Amino acid sequence: MILINDSYPVFEADQVLSQKHLNRLISYLEEQDRASRTQLLGMGVVCGLEISKPNATTVAISCGTGITSLGYLVPLEDSTYTHFKHTTISENFLKPDTEQHPYLDNLYQYTQMYQPFETCIELLEADADDEDKEVLTEGILDNKVVMLLVEALLIDEKNCVAMDCADKGKRLEFKIRPLLLDADLLEESEFDLEICNQTYFEKLALPRYNVPKEDLVTTADVLDTYNSLIDTAKGRLSNFINEIHDHYADAYSSLDNYIRLHNVEGRINTVHTQNEGGIYLQYVWDWMNDLAGTYNEIAEFHACNPSACCPNKGKFPFHVLLGSAEFATEDILPGNDLFKFRTPFIKTGILAEEEKDAKETLKGLLEKLIRQVGTFDLNLETVLSQGIKITPSCIGKLPLSGRAIPYYYSEIMELNTKWSPELTIKGLNHNILSYHSGQYNAANPVVGDPLAYDLEPYNFFRVEGHIGQPYTEALTEIIAQQEEYRLPFKVIGLNAVDLANNTIDISNQREIWDDMELDYDLAKEKTYNITEYVITWIRDNKDEIQEHYPGMNDQSIDNLEGILVETRNLLSEDLADFLPNYETFYEVFENLNDLFLFHRWCIKINPQDIDEHAIIEDLVDHLDEINNLFLEDPFTVIHEEANRRWENSFKETFLSSFLEKHPGITHEAGVPKGGTLILIYADSSVFETDTVPIRNLGLLTRIQNYTRLFGFSERQKEEIRSKNVVRKRAVQKGRKPQKPVSDECKQREKELKARVIEAARKDMQTLPKSTRKFMEARMTKAFESRIVSRKPIKDPTRRNPVTRIPGEEVIIVTGSRNPRRTIPERVVIADFYLPYICCSGGNNINIVLPSSDPEPIVADFEGVDFDQNDFFTNDQ
């Protein structure tokens, strides 16, 4: 605002004064007064002056104050307008006679801007004393805008006296008039209505990697979910950033590479395509979240806070606009086209200086976003040389600028100067933590080795450089750093392979049952010793047995002895070798139990051929000693305990099993304080291969051939076998495979499931959507888990299943865009976290509270208290 009056008169004694002297002084002071408002504070609607609508035909304006761009105050008390009149803007205002008063020309040069509104409508209160007033109607208010006009009238003075009636002198009279103006006419006028065009950007939130609700089993599932998130979010993210590009183009299009903000989706597609088939999709998604974070920081600066150091006097010289007459001020939100019809407050002078840093920050954020879009880089060579690094950072409400810089950007030196505009303004940007902090502040150990210093200001740890690394090495390195710096989090690895369709080779999991080796050794030694004792007894009593048991000739005894010797040597030295062959081991003893029963049966049905001699009973008893070993079933107990431990411990190392117990898993490229970092990898070497366990066919054949010598009929054989206790226990334990289900049965089962699920869906229609979805998922899972298939791992490119070599690359079929993805096994492909420490390695502690009754119960043994039911024996 340029001041017109650059001098004022200085009066002296006995000076002859004219009206020019006084008018120059008044004009100078008055201009200074107005300039103080507009130059030092601002202009526009300062506060209040809000329109409300008690009803459709009433306009109420709250008390408040405005300042025009010429510096005139526009105060108004609470007013309610129910009437109007057709009127005009005074000719005295539009075309005043300033010939005798040239100092007023700088004011009235702006009145011509109001000429198009000479004919207008003035709002009146109900008690206004005006004969022309009419009641407001909706038609009158249609497409109208409320203006408070400061009508500055140059009026002749009426100063007649007794001796002279020649009126001389003028006065400036200011009148505030509430007018209704046509909105279309305002848009065509000279007034600037685009002072604050869209006042707010909408905040952007990308979808969360919703782990609990996703069907995550394999590494392909994990990466496919990332693909889906990227495809879903990239268009929306690009559109939001494009709005920023268009809005700030006039002011900031000169920034280097500003055009990058115009089509971010194209850049995302390029990066996505380069990484879609690999294991770095997590970083692509994290990068997109960074872009959204910077966008949201920029959106904060789009609140309508315009400022100007040198305000333009012609913007709204004699008025302020209050908004549409049809709607309340609070109902016209930023982005609404009617929002431009309310004059915002433009900060100037002192207040504008406060906005200077904010504008520098905005510029820095735009430059940061430009660099983020254009400099995504996996920095694989740097990772190979620098390895895994844990960097303190923050998550939560803190904006992206307040967090550590992620590792996946190039041009890190330049990005560091833009990452936090606030710190850059203060010259402290070299203290920002990041994976690459050594490049821009190697001399400062607080930046280069932040884990050695106070971690209280941080609530999160970024873990970077581990994706693509062998999971054992990554786990070892992260745990080493965690223990070296005593960091408050835990790290675990989860195997993302299809557990349901494979059988775990539990023999390789020695750490789960090392403590059971002693139990196995004791059972094995007992079996060996008893069998060896029976073999020795048969050898020592061979002649006497043959004398009283004619059927036991030399060949039969030799065969029986050989069978028992092989059986004695059947048990492997180590538990790990026994477990995978448990089923075939038990098959031998089922058949051996048949053999013992055949002997007992033979003695029973042929008493005339066999002497009733003690040696015969001793033979049966000795054979029963071996049989009783398996009635005790120590090996089944050991096998079941191994599987129980697998179910309770090792099974949780698989992603699909872990998610069932820990639904709060999420992703943020690191782990919060007190949380659990979860590394995802695939390792199919834990599964059994398609090698068939040795079934001891030679021994089984010898036992079966031996039993044929008894000459029993098939009916008799079945009757004898029905009394085989070992086989009965085997069936009860579910060790025998079930008969295959026919295709017809499977189809009927499928149809039944479909009908049940459909009926349940109808019954659950009244439940909330999320509850319905949860129940349907659980019900479907329950049906599917009824029959668990066990099949070898297959290469989808071949017809026959093949054994996979640990560590080789697995070809996984997925998606239409990339039908074949190569994912290396045993490397980290993603990370997640739980916000709490999980999977404690300690034992459970059961706390037993004492009884509330401290008095012990004392039994008395009076005879009257006893009867025959108080005692039982094994015979009862």
Side-chain angles (χ1 to χ4, degrees), residues 1-44 46-47 64-77 89-114 148-177 307-320 345-354:
M1 180 177 181
I2 300 175
L3 299 180
I4 304 300
N5 297 289
D6 55 2
S7 64
Y8 61 86
V10 177
F11 304 116
E12 297 180 1
D14 301 326
Q15 177 182 350
V16 177
L17 298 177
S18 69
Q19 83 278 8
K20 290 182 180 181
H21 295 97
L22 295 176
N23 286 332
R24 280 175 56 199
L25 176 61
I26 296 299
S27 179
Y28 178 84
L29 294 174
E30 190 266 347
E31 185 179 41
Q32 288 288 321
D33 191 31
R34 290 186 289 105
S36 296
R37 299 187 191 110
T38 58
Q39 297 286 80
L40 301 180
L41 298 176
M43 55 190 187
V46 181
C47 64
T65 303
I67 302 175
T68 73
S69 59
L70 275 175
Y72 289 111
L73 279 175
V74 189
L76 188 73
E77 296 293 331
I89 298 176
S90 173
E91 186 73 15
N92 188 299
F93 172 73
L94 297 175
K95 297 178 181 179
D97 180 10
T98 59
E99 184 177 350
Q100 302 299 322
H101 311 281
Y103 60 89
L104 294 176
D105 285 344
N106 71 89
L107 293 178
Y108 284 107
Q109 65 176 311
Y110 298 104
T111 59
Q112 290 302 306
M113 299 172 70
Y114 297 89
L148 292 184
L149 176 66
V150 180
E151 195 174 51
L153 303 174
L154 190 59
I155 299 174
D156 291 329
E157 288 283 18
K158 302 295 183 180
N159 52 8
C160 291
V161 296
M163 297 179 62
D164 187 357
C165 198
D167 293 333
K168 291 184 179 181
K170 294 182 181 292
R171 72 178 187 276
L172 267 174
E173 183 175 288
F174 297 91
K175 182 180 180 182
I176 298 176
R177 301 178 64 187
S307 62
C309 185
C310 299
N312 182 353
K313 293 187 288 186
K315 280 189 176 292
F316 41 92
F318 289 98
H319 77 275
V320 289
F345 183 69
I346 302 173
K347 299 176 181 178
T348 61
I350 299 171
L351 299 181
E353 187 64 22
E354 294 177 358

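Here the structure is a predicted model, which means the values were calculated and not measured.
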Asker: I need the minimum non-hydrogen distance between F174 and A152, along with the two atoms involved.
Answerer: CE2-CB, 3.5 Å

Asker: So F93 and F318, would you call those rings parallel, tilted or perpendicular, with 30° and 60° as cut-offs?
Answerer: perpendicular

Asker: Hey, could you give me the CD1/CZ distance between I89 and R177, rounded to the nearest 0.5 Å?
Answerer: 7.0 Å

Asker: Quick one: pull up CZ in F316 and OH in Y114 and give me the separation to the nearest 0.5 Å.
Answerer: 9.0 Å

Asker: Can you name the nearest heavy-atom pair linking E151 to S90, along with the distance?
Answerer: OE2-N, 2.9 Å

Asker: Find the distance between CD1 (I176) and CG (L149) and round it off to the nearest 0.5 Å.
Answerer: 9.5 Å

Asker: Taking side-chain contact (heavy atoms from CB on, under 4.5 Å) as the definition, give me every residue that meets it alongside Q112, ordered by chain and number, with sequence neighbours left out.
Answerer: K95, Q115

Asker: The criterion is side-chain contact (heavy atoms from CB on, under 4.5 Å); which residues satisfy it with L73, sequence neighbours excluded?
Answerer: R37, T65, I67, P75

Asker: Got a second to check how far L153's CG is from L94's CG, nearest 0.5 Å?
Answerer: 9.5 Å

Asker: Which pair of non-hydrogen atoms, one from M113 and one from G314, has the smallest distance, and what is that distance?
Answerer: CE-O, 3.2 Å

Asker: Identify the heavy atoms of H319 and T68 that sit nearest to each other, and give their distance.
Answerer: N-CG2, 3.5 Å

Asker: Starting at CE of M43, measure out to CZ of R34 and round the result to the nearest 0.5 Å.
Answerer: 13.0 Å

Asker: Can you tell me if E77 has over 12 outside heavy atoms packed within less than 6.0 Å of its CD?
Answerer: no

Asker: Determine the minimum heavy-atom distance between K315 and S69, stating which atoms define it.
Answerer: N-OG, 3.6 Å

Asker: Y72 and P317: which non-hydrogen atoms are nearest, and at how many Å?
Answerer: CD1-O, 4.0 Å

